[in-house]
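Take a look at the structure below.
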Amino acid sequence: MGGAHAFRPAEHIRKRSDYTRIYDSGSKNHGRLMTVFVQASERPHARLGIAATRKLGPAVDRNRAKRRVRELFRHHKPDAGLDIVVVPRRELLDAPFASLEAEFRVLVERRGPRGAPRAPRHGRSSRPRAHSGV
RNA sequence: GCAGCCGGCCGGAUGACCGCCGCUGCCGGUAACCGCGGGCAACCGCGAAGUGCCGGCAGGGGAGGAAAGUCCGAACUCCGCAGAGCAGUGCGCCGGGUAACACCCGGGCGGGGCAACCCGACGGAAAGUGGCACAGAAAAUAUACCGCCCGCCUUCGCCCUCGGCUCUCUGAGCCUCGGGCUUCGGCGGGGCAAGCCCAUGACAGGGGGCGCGCGCACGGAGCCGAGGGCUCCCGCGAGCGGCCCCCCUCUCAGGGUUUACCCCGCCGCAGCGCGGAGCCCGGAGGGCGGAGCGCGAAGGUGGGUAAGGGUGAAAUGGUGCGGUAAGAGCGCACCGCGCCGCUGGCAACAGCGGUGGCAGGCCAAACCCCGCACGGAGCAAGACCAAAUAGGGAGGCGAUUGGCGCCUCGGCGUCGCAAGACGCCGGGGACGGCCAGGGAGGGCGGCUCGCCCAAGGCUUCCGGGUAGGUUGCUCGAUCCCGUCAGCAAUGACGGGGCUAGAGGAAUGGUCAUCCCGCCGAAGCGCGCGGGCCGCAAGGCCCGCGUGCGAAGGCGGACAGAAUUCGGCUUACAGGCCGACUGCGGCG
RNA sequence: GUCCCCGUCGUCCAGAGGCCCAGGACGCGGCCCUUUCAAGGCUGAAACACGGGUUCGAAUCCCGUCGGGGACG
């Protein structure tokens with residue numbers, strides 16, 4: 001029943017190779033609370049990966065950051081096939097949830113401004129894949 | 001009531017919406033490898049299997065006391081291993097508990113606290129090696145040194161001078177007072193190379209603070225003296241000294257301080273007695289006096305001694321009496337220590353008695369010795385399944401000719417004592433080692449021709465094995481309750497329960513209400529002090545402290561399982577329960 | 001997760017029970033030299049990660065924290 005806000009295993013990014021691919025050829029946007037990598041994919045649904053490094057804090061803080069980011073993804077899930085990797089910053093831990101939602105929306109959709117979902121730096125052309133939401 | 005001490009426990013609650021991960025049941029969809037059968041084959045059917053996977057619904061479960069640090073100990077897994085030892089590491093009072101431990105319990109000993117109680121790496125220093133700065137005679141050998149005592153040897157000044165005495169009298173000798181020289185020692189003052197400190201204010205003095213140290217000292221006066229020490233006074237139930245910081249004299253300074261060295265001044269030391277002969281005077285007798293003797297001092301030397309020696313973190317048992325030439329556990333008493341015996345205790349150890357005569361400093365978290373334990377790695381251990389790509393092995397298909405190279409055998413030649421090496425010729429063999437030819441096949445193409453690529457080909461199987469997946473993975477030295485044994489740790493028995501299993505890693509997100517703590521105006525209560533009124537009881541006002549206190553605000557810790565247990569260590573807001581100790585109050 | 005290693009001036013090192021209130025080089029401050037700068041000379045400031053313990057005495061030896069780095073078919 002609850003499918004709209006669910007977060008299924010298929011929506012996790014798990015493989016190391018997926019992460020490196022998104023780091024290399026996805027678009028990258030910095031915010032005050034987090035950094036977001038976005039890359040388009042062939043899948044019918046979006047996927048999420050979280051990279052909480054030890055720099056963020058001890059295990060309690062890292063787990064809390066991941067839970068809040070997952071919650072963001074559940075409530076603001078893009079309908080298109082996008083691979084998203086979020087790198088949380090320390091400021092994310094104490095920020096109000098509403099400010100997280102605002103920043104997450106902006107960072108995910110900002111991938112547009114400098115052209116379609118495309119690797120800005122590595123120029124390895126991924127063909128323009130019309131996405132309505134920009 | 002306050003302060004303390006020990007043990008145990010909890011570690012926010014409830015609800016709403018949206019979610020996550022296992023398990024169980026039901027419902028819907030749906031495979032594959034593989035096996036069997038059929039078919040020329042593509043493939044089909046059956047089994048595997050309605051399993052696994054995907055989705056839905058329902059039920060039930062889902063972080064900790066430290067999950068942390070990874071400091072110990074184990075289980076488990078793989079590797080290694082005849083046995084024993086060495087090395088290395090860890091542990092170290094005794095007894096018990098345990099699967100094991102560096103953990104726990106009980107006891108002993110030592111230390112701290114008024115006490116409850118707390119703390120302790122707590123074997124061995126006559127097995128050996130080594131270290132102990134500075135100071136000090138000496139830092140481990142009980143010797144040397146200083147000193148004390150005994151014996152022996154040598155020596156016991158010089159110059160000037162007041163005064164005196166004697167004589168053989170412009171002089172000589174002797175005694176005495178004072179001074180000087182020389183040598184040594186002590187005390188005081190001054191100078192100053194150099195070092196250090198100081199405008200961030202030195203130094204000195206005074207006051208205050210803090211911690212550490214010593215403890216009847218500090219200060220004052222005197223005495224003995226070889227080293228070095230002793231006595232008295234003041235003070236006295238507590239202080240004193242050193243270091244550091246702050247303040248004041250003080251915005252005062254080219255100054256202060258220490259040691260070495262130099263100079264100056266002061267003090268101290270440098271024989272006395274008896275005495276035959278002799279000489280002189282003489283009444284007795286007296287004076288001088290060589291040698292000698294005794295005592296004393298200085299130096300040297302031979303011995304005795306371990307009492308004492310400013311030091312130091314530490315000094316060779318302590319105190320007292322006797323004893324001695326001086327001394328000494330040399331003797332005695334007490335204390336300490338070692339050994340032996342008895343008693344109590346399983347033991348560590350304790351008590352008592354006897355005995356020895358001191359038997360030898362500290363450091364083993366210095367090397368080490370003794371006793372005990374330990375094979376190594378770690379769930380990224382290990383096991384199973386197994387893409388793509390590359391590579392390995394075996395087979396099949398296709399072309400299989402020549403040359404070079406390779407292997408082997410034979411002959412000849414050169415070198416060599418030989419073994420053998422090198423070269424040439426010939427026979428045989430293998431080969432995807434190289435080159436050329438050949439061309440199965442492939443590409444362009446509807447087909448042929450043609451062109452291009454081309455033995456680094458196509459294909460089957462096998463083994464290792466990467467990504468990935470499955471497993472190991474949660475029923476266990478398990479948890480709860482009770483009984484029994486035990487002082488306890490713990491164990492035995494009985495009953496009951498199943499209590500997270502993720503894997504880029506779940507156990508939550510957002511909000512509401514409540515709970516707890518802190519702040520908190522007005523107001524109220526209590527205590528203390530002051531003022532006013534009142535004869536008094538008391539009342540009023542002011543100030544301070546304290547308790548209760550609405551709305552509201554702030555806060556609710558430390559921290560997230562990763563193979564699993566037993567410990568240790570570290571972090572932690574707030575709260576609850578119980579035992580005990582000290583002090584105060586009331587009865 | 002499992003297992004190792006290391007912490008000394010601002011930086012890189014030395015020191016290995018007392019000679020160390022810790023030494024050297026570079027860097028930093030001041031003075032001298034120079035017309036000036038550099039070089040050179042003189043000089044100064046500056047550190048034992050933290051907390052306990054052993055010892056007469058600890059940067060050094062032991063224990064525990066904290067921080068940093070590394071390895072993992």
Side-chain angles (χ1 to χ4, degrees):
Chain A
M1 92 180 167
H5 292 303
F7 185 45
R8 301 227 160 71
E11 298 176 284
H12 287 243
I13 299 173
R14 296 178 190 271
K15 291 188 177 181
R16 180 69 196 166
S17 55
D18 287 341
Y19 276 91
T20 52
R21 195 192 71 244
I22 294 167
Y23 288 150
D24 286 342
S25 54
S27 74
K28 176 183 182 186
N29 290 303
H30 295 281
R32 196 176 61 81
L33 304 174
M34 65 192 94
T35 299
V36 177
F37 292 81
V38 181
Q39 189 190 35
S41 74
E42 309 282 352
R43 297 171 199 278
H45 54 79
R47 296 196 305 166
L48 174 68
I50 307 167
T53 66
R54 294 191 63 148
K55 202 195 305 180
L56 186 72
V60 174
D61 294 339
R62 295 201 299 273
N63 285 353
R64 176 173 162 81
K66 286 189 274 191
R67 287 196 300 262
R68 300 193 89 184
V69 171
R70 274 197 298 269
E71 206 67 17
L72 283 176
F73 182 79
R74 285 205 305 116
H75 290 290
H76 306 281
K77 199 182 293 181
D79 39 350
L82 292 177
D83 282 349
I84 301 173
V85 173
V86 176
V87 180
R89 307 181 60 186
R90 287 199 65 83
E91 289 76 9
L92 178 140
L93 294 173
D94 298 323
F97 197 73
S99 68
L100 293 188
E101 292 175 313
E103 179 165 321
F104 180 74
R105 250 196 308 262
V106 168
L107 291 178
V108 168
E109 301 190 355
R110 195 201 281 164
R111 84 205 124 91
R114 264 166 305 183
R118 187 179 51 147
R121 208 180 307 139
H122 296 275
R124 181 183 326 218
S125 72
S126 61
R127 13 327 59 246
R129 184 175 306 153
H131 278 307
S132 55
V134 171

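A, B, ... follow the sequence lines: proteins, then strands. Residue 1 opens every chain. Small disclaimer: the values here were computed from a predicted structure and weren't measured.
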* Quick one: H12(A) NE2 to G19(B) P, roughly how many Å, whole number? -> 14 Å
* Structure fact -> The nucleotide from G503(B), G560(B), G508(B) with an atom nearest the side chain of E71(A) is G508(B)
* NA contact type, A52(A), heavy-atom cut-off 4.0 Å: base, sugar-phosphate, or nothing? -> nothing
* **Test item: side-chain donor near acceptor, E101(A) and H76(A), under 3.5 Å** => yes
* To the nearest Å, how far apart are R62(A) CZ and A559(B) C1'? -> 13 Å
* Tell which nucleotide pairs with C165(B), taking only Watson-Crick or G-U wobble pairs whose two distances are both under 3.5 angstrom. => G173(B)
* To do: Select one nucleotide: of G504(B), U510(B), A561(B), the one nearest the side-chain heavy atoms of A59(A).
  => A561(B)
* Asked: NZ of K66(A) versus C1' of G19(B): gap in Å, rounded?
  -> 17 Å
* To do: Taking R89(A) for its side chain and T35(A) for its backbone only, find out whether a donor-acceptor pair lies under 3.5 Å.
  => no
* Could you state the atom-to-atom distance from CZ of R74(A) to P of G508(B) in whole Å? => 14 Å
* Asked: Can you tell me how far P in A313(B) sits from the matching atom in G227(B), rounded to whole Å?
  -> 26 Å
* Asked: Syn versus anti for G329(B), judged by chi lying within 90° of 0?
  -> syn
* Say whether I50(A) and V36(A) are linked into one hydrophobic cluster, either directly or through other cluster members, by side-chain heavy-atom distances under 4.5 angstrom. => yes
* What does I13(A) touch in the nucleic acid at a heavy-atom separation under 4.0 angstrom: a base, only the sugar-phosphate, or nothing? -> sugar-phosphate
* **Conformer about C1'-N of G22(B) - syn within 90° of 0, anti elsewhere** => syn
* With heavy atoms under 4.0 Å as the rule, sort R64(A) into base, sugar-phosphate or nothing. => sugar-phosphate
* **Interatomic distance at C1', C48(C) relative to C9(C), whole Å** => 10 Å
* Asked: What interatomic distance, in whole Å, is found between C1' of C234(B) and the corresponding atom of C224(B)?
  -> 23 Å
* Determine the interatomic distance between P on G52(B) and the same-named atom on G22(B); round to the nearest Å. => 14 Å
* To do: Measure the distance from CG on L72(A) to P on G19(B) and round it to the nearest whole Å.
  => 16 Å
* Asked: Using atom P of each nucleotide, how far apart are C462(B) and A386(B) to the nearest Å?
  -> 10 Å
* Value in whole Å for how far the C1' atom of G19(B) lies from NZ of K77(A) -> 10 Å
* Can you check whether F97(A) stacks with the G509(B) base, using ring centres under 5.5 Å and planes within 30°? -> no
* Any idea if U474(B) is syn or anti, going by the 90°-from-0 cut? -> syn
* Using atom P of each nucleotide, how far apart are G186(B) and G228(B) to the nearest Å? -> 11 Å
* Between L48(A) and D61(A), which is nearer to the 5' end of RNA chain B once each is assigned its nearest nucleotide? -> L48(A)
* Asked: Considering only the C1' atoms, how many Å lie between C515(B) and G543(B), rounded to the nearest integer?
  -> 40 Å
* Does OP1 or OP2 of A506(B) have a side-chain N or O of R70(A) closer than 4.0 Å? -> yes
* **Atom-pair distance (CG on N63(A); P on A63(B)), nearest Å** => 15 Å
* **Non-hydrogen side-chain atoms of L82(A) and Q39(A) separated by less than 4.5 Å** => no
* **Shortest non-hydrogen contact from P88(A) toward L56(A)** => O-CD1, 3.7 Å
* Kindly label the base of G190(B) as syn or anti, based on whether its glycosidic torsion lies within 90° of 0. => anti
* Please give, in whole Å, the distance from G504(B) C1' to R47(A) CZ? -> 12 Å
* Considering only atom C1', compute the distance from U55(C) to A314(B) and round it to an integer number of Å. => 12 Å
* To do: Determine, stepwise, if the pair D61(A) / R64(A) fulfils salt bridge (Lys or Arg N to Asp or Glu O under 4.0 Å).
  => CA-CA 5 Å; D61(A) 294 339; R64(A) 176 173 162 81; over 6 Å; no
* Chi class for U459(B): syn within 90° of 0, otherwise anti -> anti
* Going from CG on D83(A) to CD1 on I13(A), what distance comes out if it is rounded to the nearest 0.5 angstrom? -> 4.5 Å
* Looking at every strand, decide which applies to R67(A) at a 4.0 Å heavy-atom threshold: base, sugar-phosphate, or nothing. => base
